[in-house]
Every structure is written in structure tokens, then in C-alpha cells.
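The structure under discussion appears below in the form of C-alpha cells.
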Number of protein chains: 2
Amino acid sequence: MQYVKIKDAIVEQIEAGMLSPRQKLPAERKLAESFDTTRVTLREALSLLEAEGRIYREDRRGWFISPLPLRYDPGQALSFLDMAQMQNRLAKTEVLNASTCLADKQATRLLALPAFSDVFCINRVRYLEDRPVVLVTNYVQSKLTPDLLAHDLTQSLNQLLCNQYGLKQKQVRYRIATSTLLGSIAQALRATSGTPAMVIERVHFDSTGSIIDAAIEYWRHDAISIESCLELK
Amino acid sequence: MQYVKIKDAIVEQIEAGMLSPRQKLPAERKLAESFDTTRVTLREALSLLEAEGRIYREDRRGWFISPLPLRYDPGQALSFLDMAQMQNRLAKTEVLNASTCLADKQATRLLALPAFSDVFCINRVRYLEDRPVVLVTNYVQSKLTPDLLAHDLTQSLNQLLCNQYGLKQKQVRYRIATSTLLGSIAQALRATSGTPAMVIERVHFDSTGSIIDAAIEYWRHDAISIESCLELK
DNA sequence: GAGTGGTCTAGACCACGGA
DNA sequence: CCGTGGTCTAGACCACTCA
């Protein structure tokens with residue numbers, strides 16, 4: 001099992017601090033040569049490192065060392081920016097698009113809507129140190145929040161809903177699973193199709209138990225570590 | 001991108017119900033032939049399906065269709081068996097080994113122990129419909145629970161600690177991340193080294209805030225979906 | 001013992017990124 | 001425009017599973 005040895009050799013270099021976060025690895029052909037093997041086998045080793053969350057790939061740009069993951073607490077209603085700031089990370093948000101549209105399958109499921117409802121749909125990419133780490137799709141029932149799209153959407157949607165519309169999140173239901181980044185989602189994160197991903201779905205409720213909004217987050221799986229602390233019943 | 005088309009063709013067959021959960025796919029060479037391609041490309045398609053959680057592999061035995069994942073709520077102090085039963089799943093637990101040993105690096109970190117402490121270390125594999133889905137390693141401070149290992153360890157450790165020793169879990173701290181199954185962990189789950197995994201670390205506290213025990217769970221990533229509902233502060 | 005999956009070789013072409 | 005990563009070919013050998 002040559003590819004395991006290659007993987008271990010690279011892990012050793014990472015842990016010895018010879019390779020720093022976000023640093024690019026040498027070209028695949030060069031690495032293959034230096035480990036005296038073929039590209040196929042070398043790529044097997046790289047895929048394994050990727051699955052372990054130690055390196056990541058930018059589509060057609062190469063392989064890079066993964067930075068520490070962001071600690072993410074689903075129990076805290078913290079915005080991405082606040083979370084990043086508390087962990088001394090440099091965060092940025094980019095709005096890909098924001099529009100009113102007919103609820104798609106996911107939106108109707110998450111928001112428990114009747115068919116053909118109108119919703120606001122917002123797609124944003126979040127960056128850590130200029131690396132795109134998560135694509136977030138927010139769905140908000142349009143009747144609750146007129147003119148929502150007129151506001152600055154790079155800020156926390158949670159805070160916006162609270163301050164502008166008095167919609168306070170009291171409860172969250174979430175689901176976490178693994179999958180892959182495909183097509184346009186992969187593109188938005190500069191990832192190759194098929195990159196491992198962590199998918200988080202959230203539905204927010206107000207104090208009366210009504211649904212406020214929902215979100216689906218596609219994370220590069222190496223960029224997040226979910227950590228929380230809670231009381232048991 | 002031939003392998004994406006192959007993947008889609010197989011997905012279609014799964015969703016049409018032509019392939020049922022736990023059913024074995026044809027041999028790689030046969031699949032490759034029927035899609036008129038080589039094994040390398042075919043395996044790329046299979047790996048993608050695996051990463052999406054739609055199929056899984058048993059080491060040297062072949063590829064199988066993934067059953068529905070088990071819904072797992074970290075906020076409920078439910079035992080694996082109760083969880084499975086509530087979802088009409090057939091569960092089984094196998095004790096791999098249970099012993100007193102010097103705390104390793106992980107145990108000292110999770111239990112916040114001084115160096116060279118004695119702990120009970122229990123390794124168990126949990127099955128759903130005879131498929132091994134998770135390897136659980138439990139660490140318990142030995143001084144709190146004399147003779148722990150004399151009891152039936154196929155039952156819920158949580159319940160055992162509560163009923164036999166009066167140790168009631170009041171709080172849990174957990175961490176969820178993705179990684180891979182390697183070496184003996186992979187073997188215990190009949191998986192190939194490098195299989196995608198969901199790793200859950202848990203530390204349990206009693207009502208005084210003292211640590212009772214800790215656990216590390218290595219899940220086949222397609223076998224679990226983490227779902228919870230909680231109040232926001 | 002036949003067939004299978006796990007691993008590896010030694011090439012190839014293309015489209016894209018970056019200079 | 002060069003070099004890169006993404007994709008694909010057509011084989012091979014071995015160790016293991018299973019009948």
C-alpha cells in the first residue's frame with residue numbers, strides 16, 4: 001500500500017510544520033516523481049489526505065494545506081462573522097444572488113409551505129482568509145418580510161430579521177449530514193465536483209413556534225468542526 | 001465526464017427502486033463492461049456515489065446500496081438500541097474488548113486527567129440490520145466505577161452508569177467532524193481503509209459539572225444523520 | 001479454485017489557469 | 001503559451017472471499 005506511505009510522508013511534513021496552512025503543494029507530476037510513482041497512485045494518496053481533512057483542492061489550481069477548522073456551535077445563534085471574529089479568523093461574505101422566486105422542493109419542505117408559494121431566496125458564499133468555505137442558501141417567506149432584499153445582505157440575516165422585522169429566533173431544528181459538492185455549488189466554492197462536504201440544514205422558529213426562515217449550508221468538510229454543549233433531559 | 005454519467009445512471013436505478021438497500025452491485029469488471037469503460041473510471045463513479053452516501057463498500061466483498069441513515073439526536077440521552085428501536089431498525093451490539101488501561105492521549109484529553117491515570121476502555125461495534133455502522137470507544141474513570149467491566153456491556157453504558165453507580169448524565173459536550181476509517185477501525189466495520197467517516201466525540205458531565213465518561217464514535221458516514229431541535233439563548 | 005476487489009503501471013488528451 | 005489538474009485507457013499482479 002504505497003499510497004498510504006505517501007500519505008504518511010506528507011502528514012509528517014505537515015505536522016513538522018514544514019507546510020503551512022493554505023500553502024500550495026508541488027505539482028502532481030513533481031510529487032509523483034519525487035515519490036517514484038505514477039500520478040494515479042499519487043492522487044490516491046492526495047484523495048485520502050483530502051478525506052481526512054488535511055488538504056483541500058481548488059479546481060484546476062492545485063492542492064493546499066487545510067487551515068484549522070472553524071468551530072461551529074449550532075446552539076448559539078451567532079452570526080458567521082461573530083463566530084469567525086471570536087476565533088480570530090478573517091471572514092468575508094459575498095452575495096451571489098437574492099431574489100423572489102417560487103419555492104422549490106427544498107424550500108417547501110423546510111418551510112412547510114403550500115405548493116407555489118413565493119419565497120425570498122438568498123445565496124451567499126462565506127470566506128475565511130479569502131478561502132471560500134461555505135455556500136449558504138437562505139429561504140424566507142416573503143409575506144413576513146417585505147423589502148427584505150433592499151437591505152445589506154452581507155450582514156447576518158438573523159440580526160436583520162430581528163432588527164428590521166422583529167422576528168426573533170427562539171428555536172432551531174437542524175440536520176447534519178455528509179455529502180459532496182457538485183456543479184454550481186462546487187464552482188462557487190472553487191471546488192472540484194465530488195469534493196466531500198458537510199451539509200447543515202436549519203429551520204428557525206419564533207416564540208410561538210412559527211417558522212421564520214430556513215437555511216442550507218454546504219461546507220467544505222475540512223473547514224468546520226461542530227462543537228456544542230447542552231443540558232440533557 | 002463519463003464517471004458522472006455512470007453515477008447518474010446508477011442513482012437513477014436506485015431511485016427507481018430497482019436496487020434495494022443492502023443489495024450488492026454487480027462485480028466491478030461487469031459494471032465497467034456494461035458501461036463500456038475501464039475499471040479505473042468505473043471506480044471513480046463508485047467513489048463518488050460512496051461520498052454522496054448512496055452506496056457503501058465492504059472490504060473485498062463489493063459495493064452495496066446504502067439503507068436510510070439512522071437519525072441521531074445528540075440532545076437526547078438515548079441509547080443506541082432505543083434510538084434504533086424507535087426508528088424500527090434492527091440493532092445489535094458487539095463488545096470487541098473491555099479492559100483497564102493507562103489513559104492514552106485521547107482519554108487524558110477528553111477526561112481531563114493527569115498523566116498515567118487508569119481508565120476503563122471499552123470498544124464496541126454497533127450493527128443495524130447486521131451491518132456494522134459504528135465503532136464506539138468509551139472511556140470511564142476507573143475510580144468512579146469499580147467492577148464496571150463485570151457487567152453486561154452490550155447494554156447502554158449510560159443506563160449502566162446510572163443504575164449501578166448513580167452517575168446521572170446532566171450535560172454533554174460534543175464535537176462532530178468528518179474523517180476516514182483507517183486500520184483496525186476500518187476492519188472492525190468491515191470497511192476499506194480510507195472510507196469516509198463521521199466522528200463524534202462526547203464528554204458527559206454530572207449535575208456538579210464533573211466528568212463522568214467520554215466516548216468517541218466512528219460512524220460509516222452514510223449510516224447517520226444528525227438531527228436535533230433546541231432552544232436558542 | 002475461480003472470481004473479486006485492492007493496488008499499481010505507463011502512458012494519453014484536453015481544457016483551463018496564470019503568466 | 002506553457003504547465004497544470006481533470007479525465008481516461010488498457011492492461012497487470014496479488015490477496016482475499018466464497019462456493
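Chain identifiers are assigned alphabetically (A, B, ...) following the order of the sequence lines, protein sequences preceding nucleic acid strands; residue numbering begins at 1 within each chain. When reading the values below, keep in mind they use all heavy atoms of this one structure, side chains included, and skip hydrogens, waters and symmetry mates.
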All N/O contacts under 3.5 Å from nucleotides 9-13 of chain C to the protein, with atom names and distances to one decimal?
| from | atom 1 | to | atom 2 | distance (Å) |
| --- | --- | --- | --- | --- |
| C:dT9 | OP2 | A:Thr37 | OG1 | 2.6 |
| C:dT9 | OP2 | A:Thr38 | OG1 | 3.4 |
| C:dT9 | OP2 | A:Thr41 | OG1 | 3.2 |

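We find that CD of A:Glu33 is positioned 19 Å from P of C:dC8, with the value rounded to whole Å.
For A:Leu113, the side-chain contact (heavy atoms from CB on, under 4.5 Å) partners two or more places apart in sequence, or in a different chain, are A:Ala103, A:Thr108, A:Leu111, A:Ser117, A:Val119, A:Gln141. Applying the side-chain hydrogen bond (donor to acceptor under 3.5 Å, both in side chains) rule to B:Asn138 yields the partners B:Arg124; only residues at least two apart in sequence or on another chain are considered. Remark: A:Ala188 pairs with A:Leu96, A:Val125, A:Leu135 by the side-chain contact (heavy atoms from CB on, under 4.5 Å) rule, at least two apart or across chains. A:Ser193 pairs by the side-chain hydrogen bond (donor to acceptor under 3.5 Å, both in side chains) definition with nothing, not counting sequence neighbours. Not counting sequence neighbours, the partners of B:Gln159 by the side-chain hydrogen bond (donor to acceptor under 3.5 Å, both in side chains) test are B:Asp82. A:Thr93 meets the side-chain hydrogen bond (donor to acceptor under 3.5 Å, both in side chains) test with A:Arg126; sequence neighbours excluded. Scanning for side-chain contact (heavy atoms from CB on, under 4.5 Å) contacts around A:Lys92 gives A:Tyr127, A:Asp130, with sequence neighbours left out.
Listed by residue number, the members of residues 179-188 of chain A with any heavy atom below 4.0 angstrom from DNA chain D form an empty set. For residues 43-62 of chain B, proximity to DNA chain D is found at B:Arg60, B:Arg61, defined as any non-hydrogen atom under 4.0 angstrom from a strand atom.
Contacts classified as salt bridge (charged side-chain N to carboxylate O under 4.0 Å, His left out) and involving residues 183-201 of chain A (residues at least two apart or in different chains) are given here: A:Glu58-A:Arg190, A:Arg109-A:Glu201, A:Arg175-A:Glu201.
Look at A:Tyr3 and you'll find a side-chain N or O under 4.0 angstrom from OP1 or OP2 of C:dT7. Applying the 4.0 Å criterion to OP1 and OP2 of C:dG5, one finds that B:Lys24 has a side-chain N or O inside that range.
Using the six-membered ring where Trp is involved, A:Tyr72 and A:Trp219 have ring planes that are perpendicular, over 60° apart on the 30 and 60° scheme.
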Which pairs of donor and acceptor atoms, one on a side chain in residues 45-52 of chain B, lie under 3.5 Å apart (sequence neighbours left out)?
| from | atom 1 | to | atom 2 | distance (Å) |
| --- | --- | --- | --- | --- |
| B:Ser47 | OG | B:Arg43 | O | 3.0 |
| B:Glu52 | OE1 | B:Arg54 | NE | 3.4 |
| B:Glu52 | OE2 | B:Lys7 | NZ | 3.1 |

